[in-house]
J.: 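To start, I am sharing the structure in question, which I have written as structure tokens.
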Amino acid sequence: MIKIFKYTWAILKGMGITFKYFFIRPVTVQYPKEKVKISSRWRGTLKQLRNEKGEEACDGCRICEKICPVNCISMEVYKDEKKNRRFTSSYVVNFGRCMFCGLCVEACPKKCLVHTPDFEFCAYDRESLILAKDKILR
Amino acid sequence: MTEQIKNTGFEEMTLNMGPQHPSTHGVLHLLLKMDGEVITEARPDIGYLHRGMEKLAEKRTWGANIALSDRWDYIASMSNNFAAVLGPEKLMNITVPKRAEYIRVIMAELNRIASHLIFFGTYGIDIGAFTPFFYAFREREMILDLYESVCGARLTYNYFRIGGVSADLPADFVPGVKSFIDYFRPKLKEYDTLLSTNPIFMDRTVGVGNISKEEAIDWALSGPNIRASGVNFDIRKDDAYSVYNEFDFNIPTGKNGDCFDRYMVRMNEMKESARIIEQAIEKLEPGDIIAKVAKVVRPPAGEIYTHVEAPKGELGVYCISDGSTLPYRYKVRGPSFVNLAILQKMLKGLKIADVVAVLGSIDIVLGEVDR
């Protein structure tokens with residue numbers, strides 16, 4: 001009998017805490033309708049930047065390709081004799097493999113490979129997870 | 001079997017618990033042999049989440065292994081990062097800048113709070129109290145937001161680098177941590193009302209799954225599990241790494257080594273972690289965040305064992321370098337894996353209803369058990 005009273009009192013005490021939160025604004029976010037603000041350092045999908053002339057800034061040094069722990073970046077490089085610099089003829093990132101560790105962005109010497117704040121990247125099949133240069137160079 | 005029925009009138013039953021049981025914290029498979037309600041033999045069957053981390057590590061550079069280490073114990077990735085960087089740093093004799101050391105300590109201790117909060121929430125669910133889960137995750141969310149502002153990820157941080165950390169703290173991080181701790185301290189009292197002093201919870205945990213001092217040492221337990229048995233063993237004090245010797249903090253220990261003690265040790269550890277974070281923030285001074293290290297890391301040939309006090313226990317990394325960019329051998333001593341072993345001894349003789357209480361109190365993460 002004493003036990004029943006003790007248990008009920010404990011439950012009521014717990015309920016008291018829960019009851020307190022009735023009057024406080026909820027912390028949950030109704031996700032698809034409203035979105036939380038994400039940090040500017042967010043490690044989302046990858047994006048290549050253009051330089052001030054509007055051409056691609058990447059010069060195909062292959063450092064991101066080498067540093068990637070899961071080998072998800074592959075590229076082909078050619079040299080443009082007129083402009084006297086290298087360009088990538090293809091730059092493919094397989095986001096099915098990518099683990100968003102950010103080592104490639106950190107290593108990029110031209111600072112032309114950056115993360116986007118996109119966290120809703122998804123696809124119906126694996127092929128559409130492989131993004132070529134037309135999607136990455138923005 | 002028929003012989004047994006003739007003699008005792010009962011048949012021994014084998015019960016498969018898991019791998020898709022909600023209370024096994026992942027994919028643990030328990031083979032329980034039962035005599036009625038009493039367990040006569042318990043065998044954990046692991047390996048459902050095996051990814052071959054140690055072999056993968058041999059084919060990755062030292063720097064890339066930090067990114068892989070996030071995946072061992074995925075709810076305390078900062079501690080894994082810590083263990084992964086200490087080895088090569090010691091081999092190469094790198095002195096980490098003071099600011100980076102304090103940042104590391106803040107990160108590791110925040111991660112300890114986050115990990116213990118998950119324990120608190122899920123242990124409540126295991127016992128049958130659902131409310132603590134929501135409160136624990138609400139507080140953990142704030143820690144994850146702080147992490148997101150620093151390194152851009154919420155779970156697999158990949159924040160530590162050999163020689164320091166990858167990025168400096170943003171301007172709003174230190175005030176954010178301070179306000180979190182101010183917010184968190186009173187919440188601990190709420191948790192005590194919800195679980196720690198609740199007689200229903202205590203009836204389920206006090207005196208269940210006792211581990212004696214000698215047993216705990218024999219089974220090589222570590223972390224809160226061994227401290228609950230009364231052994232004052234904490235790597236942060238006994239073999240202080242990084243700058244842990246500069247901080248003033250206590251090591252909470254238990255007496256009986258039952259489920260309730262293991263729970264209480266973790267709750268008290270959260271308070272101590274909050275104290276360490278406060279001290280570390282005060283010592284934080286502007287300066288370098290990473291030492292001058294070559295981009296391609298080549299530690300000199302040699303072998304080394306480094307260990308850290310992860311939220312689950314002693315997380316050790318034994319690595320052998322042959323002087324190249326890849327480690328020759330990379331052995332990980334995961335605390336969850338070692339702590340799980342004692343389960344087969346503890347469960348013997350207990351009732352089936354206590355299995356979840358005992359398993360939850362060891363606080364395992366299957367990502368670290370299987371690796």
J.: Which residues in residues 67-82 of chain B have any heavy atom closer than 4.5 Å to a heavy atom of chain A?
T.: Ala67(B), Leu68(B), Arg71(B)
J.: Quick one: of Lys20(A), Glu106(A), Lys6(A), Met15(A), who has the most non-hydrogen atom pairs under 4.5 Å with chain B?
T.: Glu106(A)
J.: Mind checking whether Asn158(B) and Arg43(A) have side chains closer than 4.5 Å, heavy atoms only?
T.: yes
J.: Look at atom NZ of Lys3(A) and say whether more than 12 heavy atoms of other residues, nucleotides or ligands are closer to it than 6.0 Å.
T.: no
J.: What parts of residues 129-140 of chain B touch chain A if we use heavy atoms and a cut-off under 4.5 Å?
T.: Thr131(B), Tyr135(B), Arg138(B)
J.: Assess whether atom CZ of Arg126(A) is packed by more than 12 heavy atoms of other residues, nucleotides or ligands within 6.0 Å.
T.: no
J.: Look at Ile38(A), Thr28(A), Val36(A), Ile67(A) and state which one has the largest set of heavy-atom pairs under 4.5 Å with chain B.
T.: Ile38(A)
J.: In terms of heavy-atom proximity below 4.5 Å to chain B, should Met99(A) be classed as side chain, backbone, both, or neither?
T.: both
J.: Select, from Asp145(B), Leu195(B), Asp203(B), the one with the greatest count of heavy-atom pairs under 4.5 Å involving chain A.
T.: Asp203(B)
J.: Keeping the roles fixed (side chain from Arg41(A), backbone from Val150(B)), state whether a donor-acceptor pair exists under 3.5 Å.
T.: yes
J.: Count the heavy atoms belonging to other residues, nucleotides or ligands that lie under 6.0 Å from CZ of Phe5(A), then report whether that count exceeds 12.
T.: no
J.: Go through the structure and list residues passing salt bridge (charged side-chain N to carboxylate O under 4.0 Å, His left out) with Glu148(B), not counting sequence neighbours.
T.: Arg154(B)
J.: Hey, is OH on Tyr78(A) packed in by over 12 heavy atoms from elsewhere, all under 6.0 Å?
T.: yes
J.: Provide the closest heavy-atom pair for Tyr7(A) versus Pro199(B) in the form atom of the first, atom of the second, distance.
T.: CE2-CB, 3.7 Å
J.: Verify side-chain contact (heavy atoms from CB on, under 4.5 Å) between Ile66(B) and Leu103(A), making sure each step is shown before the conclusion.
T.: CA-CA 10 Å; Ile66(B) 300 162; Leu103(A) 288 176; over 6 Å; no
J.: Taking Gly63(B), Ala167(B), Pro170(B), Ser166(B) one by one, which has the highest count of heavy-atom pairs under 4.5 Å against chain A?
T.: Pro170(B)
J.: Could you tell me whether Lys110(A) atom NZ has more than 12 heavy atoms of other residues or ligands within 6.0 Å of it?
T.: no
J.: Could you list the residues that satisfy side-chain contact (heavy atoms from CB on, under 4.5 Å) with Arg99(B), not counting sequence neighbours?
T.: Ile103(B), Asp168(B), Leu169(B), Leu284(B), Ile289(B)
J.: Answer yes or no: does atom NZ of Lys47(A) have more than 12 heavy-atom neighbours from other residues, nucleotides or ligands under 6.0 Å?
T.: no
J.: Of the backbone (N, CA, C, O) and the side chain (C-beta and beyond), which part of Phe100(A) lies under 4.5 Å from a heavy atom of chain B, both, or neither?
T.: neither
J.: Could you state the interatomic distance from CG (Asn71(A)) to CZ (Arg60(B)), rounded to the nearest 0.5 Å?
T.: 6.5 Å
J.: Give the minimum heavy-atom separation between Ser149(B) and Ser39(A), together with the two atoms involved.
T.: CA-OG, 3.6 Å
